[in-house]
Structure formats: C-alpha cells, structure tokens
Amino acid sequence: MRLSQFFLPTLKETPAEAQIASHRLMLRAGMIRQQSAGIYAWLPLGLRVLNKVEAIVREEQNRAGVVELLMPTIQSADLWRESGRYDDYGKEMLRITDRHERELLFGPTNEEMITDIVRSFVKSYKQMPLNLYHIQWKFRDEVRPRFGVMRGREFLMKDAYSFDLDEASARVSYNKQFLAYLRTYARLGLKAIPMKADTGPIGGDLSHEFIILAETGESQVFCDKDWLELDVLDKAPKSPEELQSFVDWATGFYAATEEKHDEAACPVPADRLHSARGIEVGHIFYFGEKYSAPMNATVTQADGSVATLHMGSYGVGVSRLLGAIIEASHDDAGIIWPDAVAPYHVGIITMKAGDAASDAKAMEVYDALTAKGFDVLYDDRDERAGVKFADMDLIGLPWQIIIGPRGLEKGVIEVKNRRTGQRDELSVADALARVGA
Ligand code: 5CA
C-alpha cells in the first residue's frame with residue numbers, strides 16, 4: 001500500500017478526551033474515530049489490526065473444534081422473556097421497537113438465541129456434544145463508556161457456547177476453551193492470567209476471567225511471578241485426562257483479583273508475588289441448565305429418557321484486545337505492534353521527496369517484499385522526513401526501511417527495528433533478510 005493512496009488521518013495533537021495511552025494512540029494513529037459515546041468507526045489502519053486479531057481468535061476456536069456460525073445483532077425480546085433475563089438485564093440493554101410495535105433488542109450476548117437455535121434442531125444424544133461460536137458486534141449501554149475501545153458501548157466479541165449431555169462432558173468443553181484462550185492470548189503476544197471469577201448476569205458457578213497486566217487496567221490483581229515466565233504454546237494436551245491435568249496445573253498458580261486477595265492467607269511468598277493492574281480480555285462460564293431448563297433445550301437419551309442440556313459460554317473481547325495490546329506494548333513515540341497483529345510488517349520511508357533514485361529504490365524494495373507476501377506500507381507522501389519518521393513510529397510497524405540519497409551513494413539503506421530502536425545500514429539484500437524476507 002502506498003500511503004498517498006491510503007486513508008491514514010493521524011493527529012499531531014493529543015486528544016483531550018483520551019485518558020489512557022491506548023485510547024490516545026488509537027486516535028492519534030488514525031485507527032478509530034468516535035461517532036457517539038462508546039461507539040467508534042474503524043478507520044482502515046484500525047480495521048486491519050482488528051481483522052488480524054479476529055483471525056487469530058478464529059483459528060484457535062477452529063483448532064479447538066468449535067464451529068463458526070453467525071447470529072444477528074438484533075434479537076427478539078420474547079426470547080429473553082423465556083429465560084427471565086429481559087427484565088433482569090436492566091438499562092444496559094438497548095431496547096428497540098419496530099414498525100409493528102414488536103419489541104426487539106440489540107444483543108449484549110447470545111445465550112438465549114443460541115439455545116433457541118440448538119433446541120429447534122437437536123433432539124438426540126447422538127448429536128452431542130455441540131460447540132458453536134460467532135464473532136459479532138454487541139451493544140451494552142454502559143453507564144460510563146471510557147478508555148476508547150476498552151469499554152465501549154458497541155464492541156466486537158467472540159462468543160462461544162457449549163452443549164453437553166452431562167456435567168463431566170461439559171467440563172471437557174470448558175477445558176478445551178480454557179486451553180484455546182491461553183493459546184490465543186499467547187499468539188497475540190500477551191501474557192494472560194486465568195483467574196477464578198464471579199459470574200454476574202451470565203450466571204453459573206464455574207468461571208475464569210483472563211486478565212492481562214497493564215498499568216492502566218481497571219482492577220488490581222495479584223499473581224505468582226512464576227506464571228509470567230511460562231510458555232503455554234509448547235503444551236498440547238489431547239485426551240480429556242491430559243486436558244484436565246493441564247487446567248489443574250494452569251489454575252494451580254496463585255492468582256486473585258483485589259476483592260479475593262487475602263495477604264494473610266496468600267500461599268505465595270512476598271518476593272514471588274506480583275501485583276499489577278489488570279485488563280479482562282476474556283471470560284468463560286459453565287452454568288449447567290440455567291438457560292436450557294427454562295427454554296426447554298433437551299435431548300432424548302439412549303434409554304428413551306429426556307436430558308436437559310448442560311451449557312457453558314465463552315467470551316473474548318476482540319475489539320478490547322486492541323486497546324489491551326497497545327497498553328502492554330507502546331513507548332513515548334507510539335504503538336509497538338507484536339508481529340502477529342501488525343497492520344503492515346514493514347514501513348518504507350524515503351527521506352528526500354522528489355529524489356528519483358530514492359523513489360526507484362523504494363519501489364524495488366516494496367516490490368521485492370510484496371512479491372514474498374509481506375504487507376508493506378510505503379510512505380510516498382510529499383512530506384518532510386521528520387513528519388514521516390514521527391508517523392511511522394506512531395503507527396508502530398515492526399520494521400522500518402529508510403531510504404535516502406546519502407545512503408544510496410554508499411550502496412546502503414537503513415533498517416530500524418521499532419521495538420529495540422536498533423538501526424543498521426545494510427545492502428538491499430541484507431535489509432530484506434533482516435526483516436525476514
Ligand atoms: N456471554 C458471556 C460469554 S460469551 C459474556 O458476555 N461474557 S462477558 O460479559 O464477560 O464478555 C466477554 C468479554 O467481552 C469480556 O471479557 C470483555 O473482554 C469483553 N467486553 C465486555 N464488555 C465490554 C465493553 N463494554 N467493551 C469492550 N469489551 C467488552
């Protein structure tokens with residue numbers, strides 16, 4: 001992509017309304033624009049990252065054997081009356097009336113709708129277990145939407161739902177999601193800590209929140225430092241027994257939110273206890289028959305008897321993750337994207353506008369990288385070098401290639417690593433190799 005043909009409305013000034021780094025940086029980097037309180041337009045750069053995060057979430061759900069579908073954003077109030085949640089959900093729910101005076105709502109979550117779909121098609125124990133997910137926009141009329149995409153009113157969520165014959169099998173579904181969550185966050189370059197959690201309006205008695213550490217997190221959390229050293233991607237439990245031991249192992253490390261932490265009773269010695277702010281990037285629940293019983297989601301068993309389905313639900317805050325990743329990875333100059341979700345892998349800057357040799361070399365490098373399948377953003381604007389450097393640091397691509405007449409005379413171009421700040425003058429071939437091409 002050539003920047004002169006892209007739409008990247010970066011801001012020089014720090015927007016006054018943004019209190020935390022990720023919100024400031026997403027606005028300044030031209031990723032999002034607020035359209036109403038807690039409701040954002042995703043500008044091209046922001047959308048590219050959102051799509052990459054979504055793709056990793058999707059791959060890990062598919063890997064765990066969860067099947068994708070897509071449910072609508074608008075739901076009928078009657079469905080929520082069946083579960084008894086229509087009145088309970090209160091003011092957070094956006095209620096809508098259509099031209100026929102039918103009561104609708106913009107879905108804040110989908111337990112009722114997925115239960116309705118499953119009960120209408122699934123009649124026999126032979127169709128169990130069933131694990132389904134979708135990635136869809138949600139609306140919650142939060143009292144205080146804030147921190148940009150971190151606590152929005154409209155936000156993108158991956159929500160999965162499991163249906164099983166009994167509690168033991170539901171536990172296997174839960175554990176598969178638990179593993180998928182740890183893998184998802186690790187691939188996004190995040191250290192997520194599973195913590196036992198309260199279940200709130202979703203319900204049930206088994207639940208874990210996945211928290212990542214960042215200075216601006218909404219809650220104070222405590223955890224065993226040893227957890228932060230571990231790599232979960234090298235673990236591949238397969239059988240239900242292996243999976244259960246994995247979950248037991250992963251939840252065996254001490255981790256607690258402020259409300260649950262008790263210094264006197266804490267089993268971890270002070271020097272191994274890490275205390276930090278945390279951001280909730282996912283939440284999983286097992287709630288048994290809470291929705292299936294009132295909504296009559298049952299199957300016939302082998303002996304002819306009727307079993308009410310055991311359910312769980314599993315949420316990832318896809319749009320919130322962008323804020324969380326930036327909170328965990330930025331510096332004074334801007335965002336530092338982990339490779340896995342960077343909107344482009346390399347940015348090319350020419351230092352002297354109108355210099356034909358620089359322009360030609362930039363196109364040569366651009367073509368070479370593009371031919372190898374890399375996403376490249378070439379800043380070909382007629383701007384001062386200083387402006388281009390600042391914008392490139394701000395948008396945080398992992399690598400920068402800087403091309404100017406002085407280097408070209410020596411037969412070199414410069415490669416800068418955004419994370420370490422290291423800059424090296426290299427031949428074109430070495431520069432391509434340095435960025436991984
Ligand atoms: N039905 C369940 C799981 S599918 C559910 O709704 N869980 S939740 O309420 O915990 O939401 C799941 C995730 O969505 C949260 O962990 C959080 O990361 C994200 N989330 C929740 N509210 C918001 C919000 N207002 N803005 C951005 N992300 C949010």
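One-based numbering, in listed order, for ligands and for the atoms of each.
Both the backbone and the side chain of E280 come within contact range of ligand 1, each with a heavy atom under 4.0 Å. Under 4.0 angstrom from ligand 1, the non-hydrogen atoms of H283 come from both its backbone and its side chain. With a heavy-atom cut-off of 4.0 Å, F285 touches ligand 1 through its side chain alone. Contacts of V149 with ligand 1, taken as heavy-atom pairs under 4.0 Å, involve the backbone alone. Of all the heavy atoms of M150, the ones lying under 4.0 Å from any atom of ligand 1 belong exclusively to the backbone.
Interface of E142 with ligand 1, defined as ligand atoms under 4.0 Å from a residue heavy atom, comprises 24 (C), 25 (N). For ligand 1, the atoms lying closer than 4.0 Å to a non-hydrogen atom of G282 are 16 (O), 18 (O). Ligand-side atoms of ligand 1 in range of V281: 16 (O), 18 (O), range being under 4.0 angstrom from any heavy atom. Every atom of ligand 1 with a heavy atom of D159 under 4.0 Å away is listed here by number and element: 4 (S). Taking every non-hydrogen atom of E111 and a distance limit under 4.0 Å, the qualifying atoms of ligand 1 come out as 1 (N), 2 (C).
Atom 3 (C) of ligand 1 has its nearest heavy-atom neighbour, among A324, P145, G315, in G315. For atom 13 (C) of ligand 1, the choice among G148, S207, S313, G317 with the nearest heavy atom turns out to be G317.
Screening F178, F285, Y181, Y314 for a ring-ring contact (aromatic ring centres under 6.0 Å, His included) involving H208 leaves a single residue, F178.
Salt bridge status for E54 with R58: present, with a side-chain N to carboxylate O gap under 4.0 Å. Between E60 and K158 there is no salt bridge, since no side-chain N of the basic residue sits under 4.0 Å from a carboxylate O of the acidic one. Under the 4.0 Å criterion applied to side-chain N and carboxylate O atoms, R85 and E111 are assigned as salt-bridge partners.
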Without placing hydrogens or testing angles, list every side-chain donor-acceptor pair under 3.5 Å for residues 322-339, not counting sequence neighbours.
from, atom 1, to, atom 2, distance (Å)
E327, OE1, T216, OG1, 2.4
E327, OE2, S22, N, 2.7
E327, OE2, S22, OG, 2.6
S329, OG, I336, O, 2.5
S329, OG, R419, NH1, 3.4
S329, OG, R419, NH2, 3.3
H330, ND1, I326, O, 2.7
H330, ND1, E327, O, 3.4
D331, OD1, A333, N, 2.9
D331, OD1, G334, N, 3.1
D331, OD1, R418, NH2, 2.8
D331, OD2, R418, NH1, 2.9
W337, NE1, I395, O, 3.0

Expected list for residues 295-302: side-chain donor-acceptor pairs under 3.5 angstrom, two or more places apart:
from, atom 1, to, atom 2, distance (Å)
Q301, NE2, S305, OG, 3.3

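Note: no N/O pair closer than 3.5 Å links R153 and ligand 1 by distance alone. The shortest N or O to N or O distance between T109 and ligand 1 is under 3.5 Å. Below 3.5 Å of separation, one finds an N or O of G152 facing an N or O of ligand 1. The distance criterion of under 3.5 Å between nitrogen or oxygen atoms is met by R140 with respect to ligand 1.
The six-membered or imidazole ring of Y174 lies away from that of Y286, with a centre-to-centre distance of 6.0 Å or more. Between Y291 and F163, the ring centre distance reaches or exceeds 6.0 Å.
Surrounding CD of E218 are more than 12 heavy atoms belonging to other residues, nucleotides or ligands, all under 6.0 Å away.
With S162 contributing its side chain and G312 its backbone, the two residues share a donor-acceptor pair below 3.5 Å.
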